[in-house]
Structure formats: C-alpha cells, structure tokens
Participant: 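My structure is below; once you've seen it, I'll send some questions.
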Amino acid sequence: ISRSDIVTCVLAFTTYCNLSSSDNVYDGFSALSGEAEFQTKVQFLRVDVAEVQEVTKAMSVFALPLIQIFWEGNRLQQVQGANVDKFRLAVRHAYQTKYIALLEREKAEKDR
C-alpha cells in the first residue's frame, strides 16, 4: 500500500452476507481492475473481512462494502456502498491526484 508508483484500491467485503449488492460490488470491482485505463496505474486488492480481521481492524472498516484508496501509505479516499460508478470515479480521481502531486514534486526539484 505504500508504493509511490501506483495507487492501491482495497475492497473490504464479506462472503458470509447473502446480499446481492455485495455480489454486484465484487463483480464490478473485478471488472474495474480489468479496465485498460487502470491496468498499469492501479493495484486492486480484495479483503474478506471475515477471514483477515487484522487488516480489517487496521483499515477501520465500519461498513460493507467499502473501498479505500491509498497512495504512498496514505488513504486518499474511501467510498461506502454498492455503487460501482462511484468507485470508478473515486479511483480515477485518486490516480489524477497522484499524477498531479508527482508533477509538482518534479517541478520543485528542478526549481532547487
């Protein structure tokens, strides 16, 4: 989660809950990870909160499904609920934020 060259998107979900919205989010998240726009820019991870409780605790998961987006170890954004389009926009925004920050770092280093 602390890599500087890539944004990490983590889906906290569970398989023990029989909600169709959870299935839709899981499928939508999988589809996002396969989109060309994100393939080399974003790392997608899934965490089943029932199986990996330490990670769930560290992420402060308070509701499901939940997506948290990280860059350089910092949480940039989180989105709760079953709206895959919201997830897509959040991932795109996080990547753009990272790209702008990298450009600003390069400029600051050149100005020194």
Participant: Please examine the side chains of Leu89 and Arg92, heavy atoms only from C-beta on, and report whether any two atoms are closer than 4.5 Å.
Facilitator: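 Touching, per the 4.5 Å side-chain cut-off.
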Participant: So do Trp71 and Leu102 actually touch side chain to side chain, heavy atoms under 4.5 Å?
Facilitator: yes
Participant: Show the nearest heavy-atom pair for residues Val42 and Cys9, with the distance to one decimal.
Facilitator: CG1-CB, 4.0 Å
Participant: Is the closest side-chain heavy-atom distance between Phe13 and Phe29 below 4.5 Å?
Facilitator: no
Participant: Taking Ile67 as the fixed residue, which of Val10, Leu11, Leu32 is the one that meets the side chain to side chain contact (heavy atoms under 4.5 Å, CB included) rule?
Facilitator: Leu11
Participant: Closer than 4.0 angstrom, basic N to acidic O: yes or no for Arg88 and Glu35?
Facilitator: yes
Participant: Check Leu64 against Ala12 and note the closest heavy-atom contact, atom names and distance.
Facilitator: CD2-O, 3.4 Å
Participant: Does the side chain of Lys41 reach to within under 4.5 Å of the side chain of Tyr99, using non-hydrogen atoms?
Facilitator: no
Participant: Search all heavy atoms of Met59 against all heavy atoms of Arg75 and return the closest pair with its distance.
Facilitator: O-NH1, 3.3 Å
Participant: Check whether any side-chain heavy atom of Ser33 lies under 4.5 Å from a side-chain heavy atom of Arg46, and answer yes or no.
Facilitator: yes
Participant: Among Ile6, Leu76, Val7, which one satisfies side chain to side chain contact (heavy atoms under 4.5 Å, CB included) with Tyr95?
Facilitator: Val7
Participant: Minimum heavy-atom separation for Thr56 to Val49, with atom names?
Facilitator: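 What the structure gives for the nearest pair is OG1-CA, 3.3 Å.
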Participant: Looking at every heavy atom in both Gln43 and Leu45, which two are closest together, and how far apart are they?
Facilitator: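 Residues Gln43 and Leu45, closest heavy atoms: NE2-CD1, 3.6 Å.
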